[in-house]
Protein chains: 2
Amino acid sequence: MQTVFATVSRMPPVISTAHTVPRAPRQTMPSGLRRTFAKGDALFAEGDPSDYFYKVVSGTVRTSKLLSDGRRQIDAFHLAGDIFGLENSKDRYFTAEAIEPVVVLAFRRTEFTTLLHADPALGDQLMSATIASLDRAHDHMVLLGRKTALEKVATFLLDLANRLSRGNSVDLPMQRADIADYLGLTIETVSRVLSQMVRDGLIAVTAASRTIFLKDRAALELLAV
Amino acid sequence: MQTVFATVSRMPPVISTAHTVPRAPRQTMPSGLRRTFAKGDALFAEGDPSDYFYKVVSGTVRTSKLLSDGRRQIDAFHLAGDIFGLENSKDRYFTAEAIEPVVVLAFRRTEFTTLLHADPALGDQLMSATIASLDRAHDHMVLLGRKTALEKVATFLLDLANRLSRGNSVDLPMQRADIADYLGLTIETVSRVLSQMVRDGLIAVTAASRTIFLKDRAALELLAV
DNA sequence: CGGAGTATTGAGTACTCTCAATGGAAGTGG
DNA sequence: CCACTTCCATTGAGAGTACTCAATACTCCG
């Protein structure tokens, strides 16, 4: 997935005020529009026209869906390097919000479609980005439908540790409510499970509750099923 | 999604013993290999190489994923007209099984990739098939993570009724265990919820338990959230 | 230091699960 | 054609996990 934008990332980021972009001989290069969002800002909301898709440069974005009564399901957290927002038809299917200061590259969908026709190989790569996102969705369905609270949290911690890859310490960019809505639990249950894990020596948590040390990765992996 | 194979379905089905396929002037047409499966047969299993993807001609296919201890999550039921098996990388991510006699058209992935390059418009359509499948996955995550048993069953019945479109009667192709593993419940809970719905006059169930009449669609839709 | 926001902990409840028994339907073989 | 078997679905009783409501603790920031 990373490779989709290999060609793009070698180019200077394009700022909103129409920069001229260097072009390869026979094809149009996609222009990544650099955009910044403050904590809490929405990148787009359910029902919006889906003109752009995004690649995260820094920060974390959550995509979620609401039920009519306010119940929320977060389907993914998108970290630096991740591509998202591609998965929708002409209208947005869910909401994307910055949960901390975020910088993204926004790509216009229409431009990209044009490009795909000029460069089929790129199309394949974009396709596999979408497929990767489907695979993650399937894993998450197993988690939501068939795992216990303990297993859910263990899976979550290991996944985040692997993606943020800072050894055995995880700097959680999101608060408990987000974790709960991602795992299909309540904040209280998430908190209780974390406390239990601390008591069992599986993890350690900093005072501010946002940094977690994986003390017994093997045990966590056993729990993650 | 249906339109992806508009060109294909006008052509005679190709049988395994290398038939010669009529060809359009400048491009290769995809060959749909007709295959039949008995109830219970696996079309493919987790870990298999993913050489083909499929379009259901008749019958129902379930795709599922297992945890190491046997817990199962069914991510979708594929009915006549549905395309599936496209969503994987080189190895199968889940298992596909026929839950009743099934006829499918199997398309070789490699051939299709070649075709995509010859016909970009087809690529777009295939892409949107994948995207549609992602949208369904997201809806299902909301169901698994945030809906009650009653809401899950109501959602399931309405969805199936809409897809099978036989008015207000639904002929369930799957047994209770499948419904349970699809909704993240146990068979007992599914059974209890259905019984409750019968008592409340929302549905009626035939003696064999496989046909369900939606007696109060409005009430069900209210429950489906 | 005080207030707002966030996280933890406690008590009690409820929804769904587990274990177990019963009821029905469909298919098999005599 | 009818007993028998098997598979599947329903129902019951009790238990347990996760939830709700509520209070307390902790951080961060002004």
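Predicted model, so just to flag it, every value in this text is computed and none were measured. To find a chain, count down the sequence lines: A is the first, B the second, and so on, and within it residues start at 1.
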Does OP1 or OP2 of [N] have a side-chain N or O of [X] closer than 4.0 Å?
{"X": "A:Ser195", "N": "C:dT8", "value": "no"}
{"X": "A:Thr148", "N": "D:dT17", "value": "no"}
{"X": "A:Arg210", "N": "C:dA7", "value": "yes"}
{"X": "B:Ser191", "N": "D:dT10", "value": "yes"}
{"X": "A:Ser209", "N": "D:dC26", "value": "no"}
{"X": "B:Thr186", "N": "C:dT16", "value": "no"}

Without decimals, in angstroms, what is the distance between [X] [atom1] and [N] [atom2]?
{"X": "B:Ile187", "N": "D:dC8", "atom1": "CD1", "atom2": "C1'", "answer": "8 Å"}
{"X": "B:Met197", "N": "D:dA9", "atom1": "CE", "atom2": "C1'", "answer": "17 Å"}
{"X": "B:Lys147", "N": "C:dT16", "atom1": "NZ", "atom2": "C1'", "answer": "18 Å"}
{"X": "B:Ile203", "N": "D:dA9", "atom1": "CD1", "atom2": "C1'", "answer": "13 Å"}
{"X": "A:Glu188", "N": "C:dT13", "atom1": "CD", "atom2": "C1'", "answer": "14 Å"}
{"X": "A:Leu150", "N": "D:dA18", "atom1": "CG", "atom2": "C1'", "answer": "13 Å"}
{"X": "A:Leu223", "N": "D:dT17", "atom1": "CG", "atom2": "P", "answer": "14 Å"}
{"X": "A:Ile212", "N": "C:dT8", "atom1": "CD1", "atom2": "P", "answer": "8 Å"}

Side chain of B:Gln175 - closest among C:dT16, C:dA25, D:dC8: D:dC8

Quiz item: cation-pi between B:Lys65 and B:Tyr93, 6.0 Å / 45°: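 Yes; both conditions hold, so B:Lys65 lies above the ring face of B:Tyr93.
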
Heavy-atom check, side chain of B:Ile99 versus side chain of B:Val61, under 4.5 Å: no

Flag side-chain contact, heavy atom, 4.5 Å: B:Leu194 against B:Val153: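 Yes, at least one pair of side-chain atoms sits under 4.5 Å.
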
Worked check of side-chain contact (heavy atoms from CB on, under 4.5 Å) between A:Lys55 and A:Val104: CA-CA 6 Å; A:Lys55 177 175 184 172; A:Val104 295; over 6 Å; no

First encountered from the 5' end of DNA chain D, between B:Arg199 and A:Val193: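 Its nucleotide being nearer the 5' end, the pick is B:Arg199.
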
Check: D:dT20 base within 3.5 Å donor-acceptor of A:Arg192 side chain: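 Present.
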
B:Tyr182 and B:Phe77 aromatic ring geometry - parallel, tilted or perpendicular at 30°/60° bounds: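 Tilted: the ring planes of B:Phe77 and B:Tyr182 meet at 30° to 60°.
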
First encountered from the 5' end of DNA chain C, between A:Arg146 and A:Leu194: A:Leu194

